[in-house]
Amino acid sequence: MMVIYQIKVGLCLVVFYLLFKLLLSRDTLHRFNRALLLVLSASAFVLPWLHMPSLPAGTAAQQIIIGPLTAVESVALPTQPTEDAAPLPLHLIYHVGLAAVLAWQLWSAWQLRRLLATATESISEPDGVRIHLLPADTAPFSFFRYVAISRDDYRDNAREILTHERAHIRLGHSADMLLMNLLVTIQWWNPAAWLLRRELQQIHEYEADEAVLKEGVDARQYQLLLIRKSVGNQLFSMANNLNHNSLKQRIRMMKRTRTPRWQLLKALAVVPVAALLAVACGQKSEKPDGAGEEPLTVGVEVPADAPEVAVTGYDGGAETPKVFDVVEQMPEFPGGMEALMQFLSKNMKYPDEATKAGQEGRVIVSFVVEADGRVTNAKVVKSVAPLLDAEALRVIGLMPRWEPGRQNGEAVRVKYTIPVAFRLQ
């Protein structure tokens with residue numbers, strides 16, 4: 001289930017990234033784009049859990065398939081995992097990748113702290129910002145209320161650089177990066193997660209550049225400073241860096257004409273796309289209101305060539321009559337096979353908790369038709385989940401007396417199995 005959920009989240013992220021890149025990435029409405037990216041990233045984790053109707057009203061969203069009825073082996077079948085369980089290697093690969101990316105994130109944070117510890121001087125500003133002066137020629141960066149800057153930059157370009165980094169701090173960009181780092185850690189295998197993180201970093205730089213220019217800094221001189229600082233190589237996944245890989249895009253954005261606010265309407269395209277994703281990736285719908293009052297519809301599949309192959313019966317001892325697997329005249333449900341299917345269809349109900357948990361699979365139940373027609377010794381020989389197992393046993397226990405099986409004209413005990421497939425549609 002977890003692997004399937006992660007795949008659904010990944011598909012949502014891919015669609016959201018392509019939609020943003022196509023419609024909004026070139027706009028100058030940076031604050032809106034930033035908020036939208038964060039909302040879309042969070043929505044990708046929510047949409048697969050939504051209960052969206054995918055069937056017409058009044059139609060059951062679950063299916064229980066009964067059949068065929070066959071003879072059973074005396075030895076119980078081993079319990080198997082549910083059909084929706086992902087293979088172990090997929091889980092193993094995912095968790096190894098997650099651990100590797102998490103280790104890289106922690107290493108980056110440790111490197112950042114280690115670099116701040118090399119500061120020769122720390123200056124506390126009235127607004128709560130703490131400036132760390134570094135001896136080496138390190139590219140400036142900020143992390144929450146900490147700003148790292150080399151002594152040379154502090155001497156020569158303090159106004160431009162500190163205005164830029166203060167904008168990152170004031171706008172809360174470090175918190176955004178923590179959330180996006182969590183995203184890429186969980187979805188480390190998904191290129192769209194890393195691309196969304198890069199898009200948000202780019203928007204952070206656009207916002208900080210805009211703040212610098214609003215302070216009256218000459219645009220041409222500021223752009224030359226960016227070019228000079230772009231040769232720096234100290235980059236941290238946790239920090240906001242003055243030098244960013246897509247410098248050309250930043251300079252182009254500074255020169256771009258402001259996007260009219262009415263173009264925010266383009267973002268409305270997200271609404272139908274999100275709705276489609278919710279239907280496509282969301283969990284199966286619950287029963288409509290009042291549906292629990294009616295018997296659940298049961299789809300019955302009984303192949304015409306259903307096998308009735310005998311295996312060796314067992315002798316219960318002198319005091320317990322022998323149980324046969326196949327006899328000359330097999331036991332019969334009152335009214336025949338069609339009546340049996342109707343009985344199961346009427347009484348079998350998909351447990352609500354199993355529906356919510358997404359449990360489905362094939363339960364195999366065995367029972368004995370006694371010489372007097374009673375149904376006894378019902379047990380699960382192949383389990384799926386406790387709720388589904390219990391439901392299958394409950395209905396078997398409701399069965400009326402059968403017409404007993406006969407061997408050499410005498411009523412005898414006969415063992416049967418019924419496979420019941422619980423499926424969520």
Side-chain angles (χ1 to χ4, degrees), residues 13-43 139-142 147 153 157-177 179-180 183 191-232 235 239-274:
L13 290 174
V14 169
V15 173
F16 286 150
Y17 170 74
L18 293 175
L19 188 67
F20 177 83
K21 195 68 175 176
L22 179 65
L23 297 180
L24 299 164
S25 62
R26 297 180 182 179
D27 293 349
T28 61
L29 303 170
H30 308 314
R31 182 172 297 182
F32 176 81
N33 284 352
R34 173 191 169 197
L36 182 63
L37 275 183
L38 292 171
V39 170
L40 291 179
S41 298
S43 299
F141 65 87
S142 60
V147 175
D153 282 333
N157 305 295
R159 180 191 176 193
E160 295 88 346
I161 293 176
L162 292 181
T163 300
H164 181 99
E165 300 304 335
R166 274 194 167 93
H168 282 309
I169 294 171
R170 185 178 69 255
L171 296 171
H173 290 168
S174 294
D176 290 0
M177 292 312 301
L179 292 175
M180 295 307 287
L183 171 68
W194 296 89
L195 290 172
L196 283 168
R197 177 178 177 270
R198 188 181 69 179
E199 288 294 327
L200 188 61
Q201 276 185 309
Q202 188 82 323
I203 292 173
H204 287 171
E205 298 305 320
Y206 294 158
E207 287 189 305
D209 292 340
E210 189 175 64
V212 173
L213 297 182
K214 284 182 178 180
E215 289 294 320
V217 175
D218 181 73
R220 182 175 177 81
Q221 293 299 320
Y222 179 64
Q223 291 164 7
L224 290 175
L225 171 63
L226 292 179
I227 294 173
R228 290 200 308 271
K229 300 310 299 177
S230 66
V231 298
L235 292 173
N240 299 103
N241 299 273
L242 179 64
N243 59 308
H244 196 267
N245 292 336
S246 50
L247 179 59
K248 185 184 296 185
Q249 281 296 107
R250 291 173 61 185
I251 293 177
R252 285 177 179 174
M253 189 62 70
M254 291 182 214
K255 298 179 178 180
R256 186 161 292 164
T257 304
R258 300 291 297 176
T259 302
R261 297 188 68 83
W262 65 265
Q263 292 204 24
L264 291 174
L265 295 175
K266 292 187 294 185
L268 293 177
V270 172
V271 177
V273 171

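None of these values were measured; they are calculated from a predicted model. Along the sequence shown, the residues carry numbers beginning at 1.
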Step-by-step side-chain contact (heavy atoms from CB on, under 4.5 Å) determination, F16 to S43
CA-CA 10 Å; F16 286 150; S43 299; 4.2 Å; yes
Please examine the side chains of [Y] and [X], heavy atoms only from C-beta on, and report whether any two atoms are closer than 4.5 Å.
| X | Y | value |
| --- | --- | --- |
| Y17 | R198 | yes |
| L24 | L264 | no |
| V147 | R166 | no |

Residue pair L13, L40: steps toward the side-chain contact (heavy atoms from CB on, under 4.5 Å) verdict:
CA-CA 8 Å; L13 290 174; L40 291 179; over 6 Å; no
Would the distance check show the side chain of N33 and the main-chain N or O of I203 forming a donor-acceptor pair, the cut-off being under 3.5 Å?
no
Distance-only, no hydrogens or angles: does the T28 side chain make a donor-acceptor pair with backbone N or O of T259 under 3.5 Å?
yes
What's the shortest heavy-atom distance between [X] and [Y], and which atoms?
| X | Y | result |
| --- | --- | --- |
| S25 | E199 | CB-OE1, 4.1 Å |
| S142 | S174 | O-OG, 4.3 Å |
| D153 | P140 | OD2-CG, 3.8 Å |

So how far is it from [X] [atom1] to [Y] [atom2], rounded to the nearest 0.5 Å?
| X | Y | atom1 | atom2 | value |
| --- | --- | --- | --- | --- |
| L29 | R34 | CG | CZ | 14.5 Å |
| H204 | D176 | NE2 | CG | 3.5 Å |
| L268 | K266 | CG | NZ | 11.5 Å |
| L37 | L196 | CG | CG | 6.0 Å |
| R26 | K21 | CZ | NZ | 8.0 Å |

Decide yes or no on side-chain contact (heavy atoms from CB on, under 4.5 Å) for M254 and L226, but give the supporting numbers first.
CA-CA 12 Å; M254 291 182 214; L226 292 179; 3.4 Å; yes
Just by distance, with hydrogens left out, do Q201 and H173 show a side-chain donor and acceptor under 3.5 Å apart?
no
Can a side-chain donor-acceptor contact be found between E207 and H168 if the only test is distance below 3.5 angstrom?
no
If the plane angle is over 60° it's perpendicular, under 30° parallel, otherwise tilted; pick one for H30 and Y206.
tilted
Thinking salt bridges, do R256 and D27 make one under a 4.0 Å N-O criterion?
no
Charged N to carboxylate O below 4.0 Å: is that the case for R258 and E210?
yes
Can you tell me which residue among R159, H164, E160, E215 is in a side-chain hydrogen bond (donor to acceptor under 3.5 Å, both in side chains) with Y222?
H164
Would you mind telling me which of Q223, K214, R250 makes a side-chain hydrogen bond (donor to acceptor under 3.5 Å, both in side chains) with D209?
R250
Among L225, T163, V212, side chain to side chain contact (heavy atoms under 4.5 Å, CB included) partner for V217
V212
